[in-house]
There are 2 protein chains.
Amino acid sequence: MIEANPPREVWGVMADNPILGRPLLSRVGMVGGGPVARMTYQAGIGLGLSMRVLAERPEDPAALAAAGVELGEPAGLAALARFADGCDVVTFAHEMVAADRLEQLVARGHELRPGPGALLFAQDLRYQREQFRVLRLPVPPHAPVAAIADVEVFAHNHGWPVVLKAARGRGIWIARNASNAAAAYAQAGPSMELLAEAFVPIEREVAVLVARRPGGESVVYPVVETVRVDGMCREVVAPADIGPRLTSQARELALRIAGIVDAVGIMALELFLADGVLLINRVKVRPHNSGHFSIEGCGTSQFENHLRAVLDWPLGDSRLTAPAVVALAVVGDESLTDPRLNIREALAVPGVHVHLYGSEPAAGRWLGHVTALGDDAAEVRARVHRAAAMLLGANR
Amino acid sequence: MIEANPPREVWGVMADNPILGRPLLSRVGMVGGGPVARMTYQAGIGLGLSMRVLAERPEDPAALAAAGVELGEPAGLAALARFADGCDVVTFAHEMVAADRLEQLVARGHELRPGPGALLFAQDLRYQREQFRVLRLPVPPHAPVAAIADVEVFAHNHGWPVVLKAARGRGIWIARNASNAAAAYAQAGPSMELLAEAFVPIEREVAVLVARRPGGESVVYPVVETVRVDGMCREVVAPADIGPRLTSQARELALRIAGIVDAVGIMALELFLADGVLLINRVKVRPHNSGHFSIEGCGTSQFENHLRAVLDWPLGDSRLTAPAVVALAVVGDESLTDPRLNIREALAVPGVHVHLYGSEPAAGRWLGHVTALGDDAAEVRARVHRAAAMLLGANR
């Protein structure tokens, strides 16, 4: 592990709070160097923190911004433990640290927020589905796949198509028949744990964020509609236009799940809306793509509330700051257009907030996002799309 | 000069913009390590910048936050020139760099924004008053003081009391008679250039920010009322409750002065309201205490618009985001209470935004500020005062 920026002598305050009789933590470390870590670091500056980040590469978005950077593989215990040694509390910008590593850090006395139990829900879809099914929460019909025969049994019970999903990491196949399924199963290979899931006729997708303190105090963010492109949440419209009944259901479900998961910090609940019913898709326990709109769009951003929750500080107002807020990802394409070279054109679009992550352009890489606020979602959408197109060179 | 954090290989993009045919600057350096530099750095993260800052001490607020820190005396040409060598454009968080140093940097080919001419208006009150008087702008009656006899002549023409002000830096004396004046003159000493000014019966003070690009494109911020304690702007209420006529006058005056000064970036115009008339107090050409409310209180913060203006990028919406916005400074006192230890209590006040600068407490030192938004200025004021009192230990 290379020390990119050596720790400053004073980068946090650790002291007993004489009234509350519990330590006031402030030395936060975040594992991860991507956009989420960059924006969390930015929010921490406002709170008087000098967060440290554990990034893999010096050119990672958070490493470019943070005074306190350590470079190291988040997979390795040595790097993680050395990083955690200098922190009061360690939090995560992704769910890539293996469960056994997390348990080892806890055993060494490090304070992880969220803890390994909560992270497991985000890491292992099979575990998550099964836990939620037992609690009679609305999950799609599903079954573990240990052999190709399991898929055929599942199809017999639930019909084709069957959706095959990797339990960990990325990987989704839609099998329309047995030969499709066999091909997908072969492609996934023997090392990938698979889950068979009923094909859900998705009308739309929504997401809800919850910020939750260790003691359980929580705030819920507005329900948003998410638009996925190539499997990634690309566009977020707040609030989701799903009516008051489904909105309440989604918020209550998110709060309940945050308690079940024992989330600390931000938890994102991704939901399908199918046949008028909400079904659980995924749970993440970190600031999430579906919450980038909250920087300008809510009283307190998801990044600030993540830090406040992780530090067990009172949470901030999560309400919308405008009737309609839209955020759109700026994702690199094959042309390798650098949005930094087009920012002037994008900023000329009225009222848009351009966020760039400092990364070199690459196809499929998240390079930034654009947010706008207004009274009418369609009008706001038009502006963010115009600005994002400018960033990707539409004017050239 | 010590290199606190060595420059990363990639920290900006410098390229020709093929459409506009002019270079797209992005490597911004800011001279200064205080709260203004810290908050400007924070805003730059959102724009995809990796600003560099020239700070004096590693424990300066901006040095604690920024990845790109150089340590050095801003008074020295060597430190300044080395810093500027790595930047496309250099801007300032204070007006402490001497005019001849600035001219030397320009002669070496460095791009300073604002330039030495604009900075001189902020540095030299005598120069500023004289320039504005010639243009028949509303300034208090004034005269340079070369000898104590000049004060007596001035008093003869304008009556007692006479206000004596240092032309450069801090220093204000209110002389009620000739012996008062002699004492102040002696205290100021022979090296301080003085200005005699008529005593103005100040009813209230207001300030207006303008963000201005090199070509002159400008946006004006809402007129705010400023409340001074010990000579420092401590509280800001937006908008100022001075009626539409004076509000228009203040905005038009600020725009006109921004052009006269040839400001680039943020210019702050501080005004007295006396006998129903606006009089020019000071001009600053940098993000200003009176604009901290804009982080949450305006469509685009003064820090982001400073960077956009300095980079000659289109400026953002400066309108208020709520009917009433109040920002209150958190200034250290003799008790050396550390607001970082009280942040939990402050964040429990509904809807307040706490900003801490990471500094160790010291009497008279700006340690942070608190902002709140709402419909009614009195209600909002009450909340920021409660939160600021909590930060300074009211609950202990």
Side-chain angles (χ1 to χ4, degrees), chain A residues 4-6 8-13 15 17-20 24 26 38-39 41-42 45-50 58-59 63-67 69 295 299-300 308 311-317 321 338-345 347-348 350-351 353-358 360 367-368 373 395-396, chain B residues 4-6 8-13 15 17-20 24 26 38-39 41-42 45-50 58-59 63-67 69 295 299-300 308 311-317 321 338-345 347-348 350-351 353-358 360 367-368 373 395-396:
Chain A
N5 292 322
R8 311 290 164 79
E9 275 173 36
V10 178
W11 70 280
V13 176
N17 182 313
I19 296 290
L20 300 170
L24 186 84
S26 76
R38 180 179 173 101
M39 289 184 273
Y41 182 84
Q42 188 185 13
I45 293 174
L47 293 170
L49 305 176
S50 302
E59 70 273 20
L64 291 171
V69 180
I295 296 175
T300 313
R308 287 164 70 159
L311 289 161
D312 201 14
W313 293 354
L315 302 172
D317 182 9
T321 55
D338 191 336
R340 293 175 292 182
L341 300 181
N342 300 316
I343 190 166
R344 248 189 322 221
E345 288 75 8
L347 289 173
H353 300 273
V354 172
H355 295 259
L356 296 180
Y357 307 150
E360 291 301 309
L367 302 173
L373 285 65
N395 220 20
R396 293 300 153 81
Chain B
N5 291 321
R8 312 289 164 79
E9 275 174 37
V10 177
W11 71 279
V13 176
N17 182 314
I19 294 292
L20 300 171
L24 187 83
S26 76
R38 181 180 173 101
M39 289 184 271
Y41 182 84
Q42 187 185 14
I45 294 175
L47 293 171
L49 304 176
S50 303
E59 69 273 22
L64 292 170
V69 180
I295 296 176
T300 313
R308 288 164 70 159
L311 289 161
D312 201 13
W313 294 354
L315 302 173
D317 181 10
T321 55
D338 191 335
R340 291 174 293 181
L341 301 180
N342 300 316
I343 191 167
R344 251 191 317 224
E345 288 75 6
L347 289 173
H353 299 273
V354 173
H355 295 258
L356 296 180
Y357 308 150
E360 291 302 311
L367 303 173
L373 284 65
N395 220 21
R396 293 298 154 80

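Letters A, B, ... are given to chains in the order of the sequence lines, protein chains preceding strands, and every chain is numbered from 1. Since the structure is predicted, the reported quantities are computational estimates derived from the model, not experimental observations.
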Residue pair B/Ala66 / A/Ala67: nearest heavy atoms and the distance that separates them:
O-CB, 3.3 Å
Taking every heavy-atom pair that is under 4.5 Å apart, which of B/Pro339, B/Ala348, B/Gly316 has the most such pairs with chain A?
B/Ala348
Donor-acceptor pair, side chain of B/Gln42 and main chain of A/Ile45, under 3.5 angstrom
no
Treating B/Tyr41 as the side-chain partner and A/Ala65 as the backbone partner, does any N or O pair qualify as donor plus acceptor under 3.5 Å?
yes
So, taking the atom named CG in A/Asp312 and the one named CZ in B/Arg344, what distance separates them when rounded to the nearest 0.5 Å?
6.0 Å
Distance check, rounded to the nearest 0.5 Å: B/Leu347 atom CG versus A/Leu47 atom CG?
6.5 Å
Set of side-chain hydrogen bond (donor to acceptor under 3.5 Å, both in side chains) partners for A/His353, sequence neighbours left out
none
